[in-house]
2 protein chains.
Amino acid sequence: MPQGQPSVVPEDGLTTRQRRNRPLVLVHTGQGKGKSTAAFGLALRAWNQGWPVGVFQFVKSAKWKVGEERALTVLGATGEGGTVAWHKMGEGWSWVQRDSQLSNEEAAREGWEQVKRDLAAETYQLLVLDEFAYPLKWGWVDVEEVVAVLRDRPGTQHVVITGRDAPAALRDFADLVTDMTKVKHPMDAGQKGQRGIEW
Amino acid sequence: MPQGQPSVVPEDGLTTRQRRNRPLVLVHTGQGKGKSTAAFGLALRAWNQGWPVGVFQFVKSAKWKVGEERALTVLGATGEGGTVAWHKMGEGWSWVQRDSQLSNEEAAREGWEQVKRDLAAETYQLLVLDEFAYPLKWGWVDVEEVVAVLRDRPGTQHVVITGRDAPAALRDFADLVTDMTKVKHPMDAGQKGQRGIEW
C-alpha cells in the first residue's frame, strides 16, 4: 500500500516523469507461497493498461499453473485489455520443432534465447519469467549474461522473475525484490495441495 | 513449487481426501510487495475451477487495484469460469445506502458484517478480504470474533486475508501464512509508483 512518497530523491539526472516510467526488473523469491501468483496478479494490472504480456514458464511439467494460464489467455482474447502470449517449456516451446528432444537444460537455454529475441524486438511490455530463478541457480543460463541483457534492454519493458533462491547477482541488479517467507504452510500439517489453491 | 509430499501425516481422523479438500484460511502479510497481487493471482485459479469468488476491499480509496478489479470482473462475466463479485469500501459498500455517512471504522465493521452473512449463506467458494489486516490491527473489528467465525464457517469456503501486521491471533489460526518480506523496493531509490505496476 505504497503512498507514493519516495524516501530519497536520487541524483541520476532524470526528471520525475522519466524516473517514474523507468522500466523495472522485479524478483519474487523465497521459500513461501505467492511468488508466481503475485507475478500473475501483476499481469492483471498490465492487461488493464492494454499492454502486451508475455509469459515464459521455465518448468518441466506442462500442468503447472493451468488456472492462471487459462484465465490470462481468456482475458487476452477479450480484446478489452492487452494481449497475452503464454509460452511453456513443459510441453516444448511452441517455436521449437516437436521432434527435437531437448534436455531440460537445453530447453531452459532455448527459452532464454527467445526472451532475448523478444526483448530486442520489444514484443511485450510485461514479461513474466516464471520459475526462471531455477535455471539461473543451476547454472544452465548464465546470470551475468541475464543481468547484462536486462540492463541494456530497449524501451519500457518490465520484467518479473520468480523462483526460490534467486542468485545474488540478479537480486543486486533488480529494482524490486520481495522474499516470500514461509511462516506456515498446510503441507507442514500433512495437507496435500488442492485444486483452486495450488493450481 | 510444492511437490505434494506432506512432511507429516497428522492424527486428525481425516482421510487424505477429506484433508486435501479442507477449506483454508490464508494470510498474506509483511512489509513487501505482492500481498494483494498474490491473492488476486489465487482468484484466477478459483475462477478457472468455476468457483464463485467474492472480493471485499477494506480500503479507503476507491481507486486502488482498479486493474485487478477490471480484469477479474471481465473474467467473471465471460461465463467461461466462475463468477466474481467485487465489493469496495472506498466508494461505500454497494449494499449500504449512499446517503449514510459511515466513518471508516463503521464502514470496516459493516464490511465484516456482510462477510459474516456471506459465509453463513456460503455465497462464495473463495473470499478475498483485501487489506482486512488493517481494521483488525486497529481494533475496529475484533480479531477473536473473526477467528471464531472463520473456524465455524460451513462448507468449503477458502478465505484469503491480506495486509501488513496481521494480528498474532489470526496468524496462529490460519492454515497458511506468507510474510512478503521487502528486500528492495524502487521507492527506496526515489522512484514513485507507476501504472501497470502499482495499480
Side-chain angles (χ1 to χ4, degrees), chain A residues 1-2 4 6-10 16 19-22 24 28 32-34 37-38 40-42 44-49 51 66-68 70-71 74-75 78 80-81 126 131 158 171 174-199, chain B residues 1-2 4 6-10 16 19-22 24 28 32-34 37-38 40-42 44-49 51 66-68 70-71 74-75 78 80-81 126 131 158 171 174-199:
Chain A
M1 211 169 56
S7 49
V8 191
V9 176
T16 301
R19 203 176 298 114
R20 167 171 283 218
N21 291 322
R22 196 175 55 184
L24 301 176
H28 298 170
K33 190 168 156 61
T37 40
F40 295 124
L42 206 60
L44 299 180
R45 296 181 184 168
W47 172 86
N48 184 51
Q49 294 291 339
W51 295 356
V66 289
E68 293 93 320
R70 187 156 159 268
V74 164
L75 262 184
T78 60
E80 298 188 39
L126 174 71
E131 311 285 6
H158 303 281
R171 298 163 65 112
D175 300 288
L176 179 146
V177 180
T178 303
D179 187 288
M180 273 67 174
T181 307
K182 185 178 84 165
V183 178
K184 192 195 281 187
H185 195 287
M187 288 181 197
D188 299 338
Q191 185 155 9
K192 288 192 171 191
Q194 59 182 307
R195 68 191 170 95
I197 301 295
E198 296 291 344
W199 64 84
Chain B
M1 212 167 60
S7 49
V8 192
V9 175
T16 300
R19 203 178 298 115
R20 168 172 282 220
N21 293 321
R22 196 174 56 183
L24 300 177
H28 298 169
K33 189 169 157 61
T37 40
F40 295 124
L42 206 62
L44 299 181
R45 296 180 183 169
W47 172 85
N48 185 51
Q49 294 292 340
W51 294 355
V66 288
E68 293 93 322
R70 186 156 159 268
V74 165
L75 263 184
T78 60
E80 298 189 38
L126 173 71
E131 310 285 5
H158 303 282
R171 297 163 64 110
D175 301 288
L176 179 144
V177 180
T178 303
D179 185 288
M180 272 64 172
T181 306
K182 184 177 85 164
V183 178
K184 193 195 281 187
H185 195 287
M187 287 180 199
D188 299 338
Q191 185 155 10
K192 289 193 173 190
Q194 58 182 307
R195 68 192 171 95
I197 301 296
E198 295 293 343
W199 64 86

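Proteins come first, then strands; the chains are lettered A, B, ... in the order of their sequence lines, and each starts at number 1.
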Colleague: Determine the option with the most heavy-atom pairs under 4.5 angstrom with chain A, choosing from B:G41, B:G67, B:G196.
Modeller: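 Answer, by heavy-atom pair count under 4.5 Å with chain A: B:G196.
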
Colleague: Kindly give the heavy-atom pair with the smallest separation between B:L24 and A:I197, and that separation in Å.
Modeller: CD1-CG2, 3.9 Å

Colleague: CG/B:D179 to CE/A:M180 distance, rounded to the nearest 0.5 angstrom?
Modeller: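 Rounded to the nearest 0.5 Å, the CG-CE separation comes to 10.5 Å.
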
Colleague: Please enumerate all residues that pass side chain to side chain contact (heavy atoms under 4.5 Å, CB included) together with A:A71, with sequence neighbours excluded.
Modeller: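 Counting only residues at least two positions away or on another chain, A:A71 forms a side chain to side chain contact (heavy atoms under 4.5 Å, CB included) with B:L44, B:W47, B:L75.
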
Colleague: Does any part of the side chain of B:H185, heavy atoms only, come nearer than 4.5 Å to the side chain of A:L176, both counted from C-beta?
Modeller: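 Side-chain contact under 4.5 Å: yes.
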
Colleague: With rounding to the nearest 0.5 Å, note down the distance linking CD in A:E198 to CZ in B:R45.
Modeller: 6.5 Å

Colleague: In terms of heavy-atom pairs under 4.5 Å with chain B, which of A:A46, A:G81, A:G32, A:A174 leads?
Modeller: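 Of the candidates given, the most pairs with chain B belong to A:A174.
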
Colleague: Search all heavy atoms of B:A38 against all heavy atoms of A:G34 and return the closest pair with its distance.
Modeller: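 Taking every non-hydrogen atom into account, CB-O, 3.8 Å.
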
Colleague: Is A:R70 reaching over with its side chain to a backbone N or O of B:E80, donor-acceptor style, under 3.5 angstrom?
Modeller: yes

Colleague: Do any N or O atoms from the side chain of A:T178 and from the backbone of B:K33 form a donor-acceptor pair under 3.5 angstrom?
Modeller: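 Checking the backbone N and O of B:K33 against the side chain of A:T178, a donor-acceptor pair under 3.5 Å is found.
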
Colleague: Taking atom CH2 of A:W51 and atom CZ of B:R195, what is their separation to the nearest 0.5 Å?
Modeller: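 Interatomic distance, A:W51 CH2 to B:R195 CZ, rounded to 0.5 Å: 6.0 Å.
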
